[in-house]
Every structure is written in C-alpha cells, then in structure tokens.
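This report concerns only the one structure given below.
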Amino acid sequence: MSKNNYYQQVYDVTKKIPLGRISTYGAIANYLELGSARMVGWALNKSFSENGVPAHRVVNRKGELSGRIHFPSPTMMQELLENEGIHVENHKVQFFKDIFWDPAEEL
DNA sequence: GGATTGACGTCTG
DNA sequence: GCAGACGCCAATC
C-alpha cells in the first residue's frame, strides 16, 4: 500500500475532487508533473481495481467522457455524473469549464 | 528484451 | 478552423 508511484498520486488527487466537480487528465498530469496525460488515463484504468476512485469525475480536455467505454457500463459514467448534479449530454460535460476543478486548488 | 498499446495533449500543416 | 502526426512513460504481450 501507499506506493508513492505516479498512479498512486493520481488516485489521491482523483479522490480529492469535490463532488459536483470534474477534472482533466492534463490538469492532473500537469500538477503531478507526470509529463504526460496518458499515464493519468492509464492509471485510472487500474483505479477500478483499487478502492473507490471517482474516475468518472475525470474527463479529457474536451470535456468528453472518453473513459466511459472502460466502465462496467458505458452509461454508468454519465449516470454517476448526473447523480452528482453535473449536466452531461451526448457523453459530454456541459458547463465543463464552470465545474472544472484544478488539483492545484485542493480546496 | 523488444514492440505495441493506452481514459491525452500539444504542435504543425 | 480543422486534420493529422508526434510525444509521454509505463505496463502488457
């Protein structure tokens, strides 16, 4: 446990995402200085094997639910986001920039 | 041990 | 403004 690896930090940051907010791969990668957003997505892929990591709150730079296909159900991600009060349409987050949360804030 | 892939992002054409 | 190619770094085959 507590492997200070990059993906472990991704889990931590993702868990810190406030409810009703979302973050992006690039923002997390930039904050963790991982150097590449792909590692974040790849790490989140394994996140399902870990304890509750709200990976559904992490979307790509376009605000698209690009990772929905990796969920147990492709619609589960949208359902979870709408359940948190996030408007999702056509598998894309509405008011994305408005609910966007940057890990540097960590408020 | 080498090659390919991967929940993306940025640059150049 | 849109489309295509490259780059990141690690894991998996």
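Chain identifiers are assigned alphabetically (A, B, ...) following the order of the sequence lines, protein sequences preceding nucleic acid strands; residue numbering begins at 1 within each chain.
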Give every donor-acceptor pair under 3.5 Å between a side-chain atom in residues 90-98 of chain A and any protein atom, sequence neighbours left out.
unit_1: Gln94(A); atom_1: NE2; unit_2: Lys92(A); atom_2: O; d: 3.2

Under 3.5 Å, which protein N or O atoms sit close to an N or O of nucleotides 2-6 of chain B? Give each pair with its distance.
none

* Give the first and the last nucleotide of DNA chain C, reading 5' to 3', that has any atom under 4.0 Å from a heavy atom of chain A. =>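 Boundary nucleotides touching chain A, in 5' to 3' order, are dG7(C) to dA11(C).
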Testing the basics here: between [X] and [Y], what is the closest heavy-atom pair and its distance to 0.1 Å?
X	Y	value
Tyr25(A)	Gly67(A)	OH-N, 4.3 Å
Met77(A)	Val59(A)	CE-CG1, 4.2 Å
Pro103(A)	Ala27(A)	CG-O, 3.6 Å
Ala55(A)	Ser47(A)	CB-OG, 3.9 Å

* Asked: So what does Ala55(A) hit on the nucleic acid, given a heavy-atom distance under 4.0 Å: a base, only sugar-phosphate, or nothing?
  ->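 Contact class for Ala55(A): base.
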* Any chance you could lay out the side chain to side chain contact (heavy atoms under 4.5 Å, CB included) test for Lys15(A) and Val53(A), step after step, and finish with the verdict? => CA-CA 6 Å; Lys15(A) 291 177 188 175; Val53(A) 178; 3.7 Å; yes
* Asked: Mind checking whether Met76(A) and Ile86(A) sit in one hydrophobic cluster, side chains of I, L, V, M, F, W, Y counted as touching below 4.5 Å?
  ->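 As far as the 4.5 Å side-chain criterion goes, Ile86(A) and Met76(A) are connected within one cluster.
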How many angstroms lie between atom [atom1] of [X] and atom [atom2] of [Y], to the nearest 0.5 angstrom?
X	Y	atom1	atom2	answer
Gln78(A)	His56(A)	CD	NE2	12.5 Å
Phe100(A)	Glu105(A)	CZ	CD	8.0 Å
Leu81(A)	Ile22(A)	CG	CD1	7.0 Å

* Looking at DNA chain B, which of residues 21-28 of chain A put a heavy atom within less than 4.0 Å of it? ->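 Residues of residues 21-28 of chain A that come under 4.0 Å of DNA chain B are, in numerical order, Tyr25(A), Gly26(A).
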* Going by heavy atoms closer than 4.0 Å, what residues in residues 74-88 of chain A are next to DNA chain B? ->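 Within residues 74-88 of chain A, no residue comes under 4.0 Å of DNA chain B.
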* **Exceeds 12 heavy-atom contacts within 6.0 angstrom, atom NZ of Lys62(A)** =>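 No, because the 6.0 Å sphere around NZ of Lys62(A) holds 12 heavy atoms or fewer from other groups.
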* **Set of residues satisfying side chain to side chain contact (heavy atoms under 4.5 Å, CB included) with respect to Pro18(A), sequence neighbours excluded** =>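 For Pro18(A) the side chain to side chain contact (heavy atoms under 4.5 Å, CB included) partners, ignoring immediate neighbours, are Arg21(A), Trp101(A).
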* Once you round it to whole Å, what is the distance between C1' of dG9(B) and CD of Glu64(A)? ->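 Glu64(A) atom CD is separated from dG9(B) atom C1' by 13 Å.
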* Of the options Leu19(A), Leu80(A), Ile99(A), which is the one that meets Arg57(A) in a side chain to side chain contact (heavy atoms under 4.5 Å, CB included)? ->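 Considering Leu19(A), Leu80(A), Ile99(A), a side chain to side chain contact (heavy atoms under 4.5 Å, CB included) with Arg57(A) is found only for Leu19(A).
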